[in-house]
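The next block holds one structure in the form of structure tokens; read it before the comments.
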Number of protein chains: 2
Amino acid sequence: MQVCFVASLFCRIAVPENPTHPLDAFDRAILAILQQDNTTPQRVIGERVNLSAPAVQRRIRRMEQSGVIQANVAIVDPTALGHPITIFVEVELVSETAGDIDEAKRRFLAAPEVQQCYYVTGDVDFMLVVLVPSMAAYEALTRRLFFDNANIRKFRTFVAMDRVKAGLAVPVT
Amino acid sequence: MQVCFVASLFCRIAVPENPTHPLDAFDRAILAILQQDNTTPQRVIGERVNLSAPAVQRRIRRMEQSGVIQANVAIVDPTALGHPITIFVEVELVSETAGDIDEAKRRFLAAPEVQQCYYVTGDVDFMLVVLVPSMAAYEALTRRLFFDNANIRKFRTFVAMDRVKAGLAVPVT
DNA sequence: ACTTGCCACGAAACAAACTTGCATCGAGCG
DNA sequence: CGCTCGATGCAAGTTTGTTTCGTGGCAAGT
């Protein structure tokens, strides 16, 4: 009887029904941990969210297969690899036909210095985050990416002085 | 006498290690792999870079302790967690004294919706990358972060329509 | 109300990866 | 020339991740 009580208690926690893939409180708790440190042993995760290690493992695998977890990566200090300068670039195109936009996307995607690239609304078309070893390297990059491209109307550069906060963590709440 | 010996031993241990061990080709090759997938077994890494698994393990640990590897994290799909909207914000302050800037940094740092925050040169002072569930939530955030702050001169909003490329990977070359 | 099917869980066995100790090799140096 | 230091590879030991199996609850259909 006492065992029954404990079992029902666990069940009450697990209650939320999920026909397909909605994330329940367990999944979110696991994600919150993995977003901070994905080397945390599953046993520790289980202790923290009140689940067994296999249950944690199943949920992680399901979220990886469903695409909720997109990748598991190491975050590296750019300075240590010789790319100490972070630059934001606003890019404005001349022609915004679908073809021209895709062409620009492909060009930015292919440049390894471009760490992030977003197609945005507003006065500009693209926002880029660029990593370079030096301003000379950035000058060379602008030549290659912008000046040699007739479809670039103009671009504005913002050099980062302080990386106040940098990450890809998503709020779990 | 024995105590002296022990003391000197502790001294040798306590001596701060070389601040930045230069990264050789092996380290860079390992980082290139870990930046893409840090679940890669050390044995596989060793095969790919022509090193034994323990050698790989020692190098990884050294880079973690020296700060070259800053974290090991899972990348999560923001849409799956209910934050489908990515927004870039340019923020311009009224007063740019050191104290006011630090105050702004602290404020942005404390906001979980702010995924990235850089202090930049140029016409604006800060560039933010913000994740929100809806435009209504962004409206509430602007009220909390900007309108309720007398030191914000103005801000410009760019809503992302397409996440062309998003990551924190650093070029290894 | 009972039963059936389904799904998720936990315990334990199993496999794989990580970690450590030890001997060896080569470079720098007295 | 011999020494020390650092890094490597091999092998054993330990932790971690994975699979298997049995149990119990919830929903749907008798």
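Just the heavy atoms: all of them, side chains too, but no hydrogens, waters or symmetry mates, feed the values below. Sequence lines set the chain letters: A, B, ... in the order given, protein chains first and strands last, and positions in each chain run from 1.
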| Does any pair with a residue in residues 29-55 of chain B pass ring-ring contact (aromatic ring centres under 6.0 Å, His included), and if so which ones, sequence neighbours excluded? | none
| query | Where the side chain of A/Ala55 is defined as all heavy atoms beyond and including C-beta, which of C/dA17, D/dT16, C/dC9 is the nearest nucleotide? | reply | C/dC9
| query | Quick one: which of A/Leu34, A/Asp37, A/Asn72, A/Ile75 gives a side-chain contact (heavy atoms from CB on, under 4.5 Å) with B/Val73? | reply | A/Ile75
| message | I'd like to know if A/Arg59 pairs up with A/Asp24 as an ion pair, taking the criterion as any Lys NZ or Arg NE/NH1/NH2 lying under 4.0 Å from an Asp or Glu carboxylate oxygen. | response | yes
| Rounded distance in Å - CD1 (B/Ile30) to P (C/dC18) | 12 Å
| Euclidean distance, atom CE of residue A/Met63 to atom P of C/dA8 [Å, nearest integer] | 13 Å
| Backbone N/O of A/Leu131 and side chain of A/Gln115: donor-acceptor pair under 3.5 Å | no
| message | Rounded to whole Å, please give me the gap between CG in B/Leu34 and P in C/dA17. | response | 15 Å
| field | Rounded distance (Å) that lies between atom C1' of C/dA17 and atom CD of B/Glu47 | value | 13 Å
| What nucleotide, of D/dT8, C/dA17, D/dT16, holds the atom closest to the side chain of B/Leu51? | D/dT8
| message | Tell me the interatomic distance from A/Arg43, atom CZ, to C/dA11, atom C1', rounded to whole angstroms. | response | 16 Å
Please list each protein N or O that sits under 3.5 Å from an N or O in nucleotides 18-22 of chain D, with the distance.
from   : atom 1 : to      : atom 2 : distance (Å)
D/dT18 : OP2    : A/Gln42 : NE2    : 3.2
D/dT18 : OP2    : A/Gln57 : OE1    : 2.5

| query | Rounded to whole angstroms, how far apart are CZ on B/Phe26 and C1' on D/dG9? | reply | 13 Å
| said: Is the ring pair A/Phe126/A/Tyr119 parallel, tilted or perpendicular, if the boundaries are 30 and 60 degrees? | reply: tilted
| note | Here the distance between atom C1' of C/dC9 and atom CZ of A/Arg62, to the nearest Å, is 12 Å
| field | B/Ile60 CD1 to D/dA7 C1', straight-line distance once rounded to whole Å | value | 16 Å
| said: Nearest to the B/Arg59 side chain among D/dA7, C/dA17, C/dC9, which nucleotide is it? | reply: D/dA7
| field | Salt-bridge criterion met for B/Arg153 and B/Asp125 (N-O under 4.0 Å) | value | no
| query | Hey, are A/Glu113 and A/Arg144 close enough for a salt bridge, meaning a charged N less than 4.0 Å from a carboxylate O? | reply | yes
